[in-house]
There are 2 protein chains.
Amino acid sequence: MLTSVDPDLIRVLGDPLRLRIVALLARETLCTTHLVEETGAKQTNLSNHLKVLREAGVVETEPCGRFTYYKLRPEVLAGLSEQFAALAESARSAAGNKRACP
Amino acid sequence: MLTSVDPDLIRVLGDPLRLRIVALLARETLCTTHLVEETGAKQTNLSNHLKVLREAGVVETEPCGRFTYYKLRPEVLAGLSEQFAALAESARSAAGNKRACP
DNA sequence: CGCTGGTATCAGCAGGCGGTGATGTGAAAG
DNA sequence: CTTTCACATCACCGCCTGCTGATACCAGCG
């Protein structure tokens, strides 16, 4: 039983703008220009966040001419979902386990 | 369709120590003293993090004499799991939706 | 070629957040 | 009542991180 979640991955998704990017990419594959339009953030800022998401394995790039398309890697999100589900189930079954007061 | 996750909740879980606390509470209900033993963190530090977790609705308290027991609220974790699952599924089905280059 | 436009990298700055020590509070023990 | 212990709150500091402007890179187009 794992009952643990990767802290780095959650931290990466903890940023509001990054989470917004993920939500947008969950609907369609977009390039940086589209994300600039949708979020209103500066291109530099987005590029930084996209780098973080890339290094965390959340998104992957697909060059298309001079554009760079970003798409989600659903396995990562699905893995997170499973880990949280495992945590929730563990919490449910352990609701009564109360360690004695010292 | 929501395809979105509460940023605040994820940010709260993004901290390594808080995540560790959640993992420990997923196994058994504990009071602050136990958490101090398990994590090795200072009591003040833990109290701060527990306050954050409490205000985020992740944990709930149960006074027992002069001890305060902390237990997880599984619904919150289950909700997160569902939201991530929805995001993953949305990402899977939208894998081919590529917006035209501007 | 040189130019243009899309994207990535770098350096710097400012705000936020986690860690810590001192202190307050409230309940049981003596 | 006084002491003790579990826990919370407050104030402060240092660092991390996100935002920004300048700049470099790279692909297509003339």
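Chain naming here is simple, since letters A, B, ... match the order of the sequence lines and numbering starts at 1 in each. Keep in mind that this is a model prediction, so the values were computed, not measured.
When side chains are defined from C-beta on, A:Leu30 does not count as touching A:Tyr70, because their heavy atoms never get closer than 4.5 Å. Residues A:Asp15 and A:Leu19 form no side-chain contact, since every pair of their non-hydrogen atoms from C-beta on lies 4.5 Å or further apart.
Residues A:Arg11 and A:Thr61 both approach DNA chain C. Their nearest nucleotides, taken by heavy-atom distance, put A:Thr61 toward the 5′ side.
Counting only N and O atoms by type, the side chains of A:Thr68 and A:Thr61 include no donor and acceptor under 3.5 Å apart. A donor-acceptor contact closer than 3.5 angstrom is absent between the side chains of A:His34 and B:Arg99.
If you check every strand for non-hydrogen atoms under 4.0 Å, A:Thr33 touches sugar and phosphate atoms only. As judged by a 4.0 angstrom heavy-atom cut-off over every strand, A:Thr44 is placed among the base-contacting residues. Nucleic acid contact class of B:Tyr69 (heavy atoms, under 4.0 Å, all strands): none. Across all strands, A:Asn48 comes closer than 4.0 Å to base atoms (heavy-atom distances). Residue contacts for A:Thr32: at a heavy-atom cut-off of 4.0 Å it reaches the sugar-phosphate backbone alone, with no base atom in range.
The base of C:dA8 lies close enough to the side chain of A:Gln43 for a donor and an acceptor atom to sit less than 3.5 Å apart.
One interatomic measurement links the two molecules: NE2 of A:His34 to C1' of C:dG6, which rounds to 12 Å at whole-angstrom precision. Taking atom CZ on B:Arg66 and atom P on D:dC5, their separation rounds to 8 Å, with Å as the unit. Taking atom NZ of residue B:Lys51 and atom C1' of nucleotide D:dA8, one finds them 8 Å apart after rounding to whole Å. Between A:Asp8 atom CG and D:dC16 atom P the separation is 15 Å, expressed in whole Å. Atom CG of B:Asp15 is separated from atom C1' of D:dC16 by 12 Å (rounded to the nearest Å). Distance B:Leu30 CG to D:dA6 P: 15 Å, rounded to the nearest Å. Rounded to a whole Å, the CG atom of B:Leu50 is 12 Å from the P atom of C:dG19. In this entry the distance linking CZ of A:Arg20 with C1' of D:dG18 reads 16 Å, nearest Å.
Under 4.0 angstrom from either OP1 or OP2 of D:dC19 there lies at least one side-chain N or O belonging to A:His49.
For A:Cys31, the listed nucleotide lying nearest its side chain is C:dT7; candidates were D:dC7, C:dT7, D:dG18. Closest to the side chain of A:Phe67, from the set C:dC17, C:dT7, C:dT20, is C:dT7.
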Under the side-chain contact (heavy atoms from CB on, under 4.5 Å) rule, what do A:Leu53 and A:Arg18 come out as? Steps first, then yes or no, please. CA-CA 8 Å; A:Leu53 289 172; A:Arg18 283 196 287 262; 4.0 Å; yes

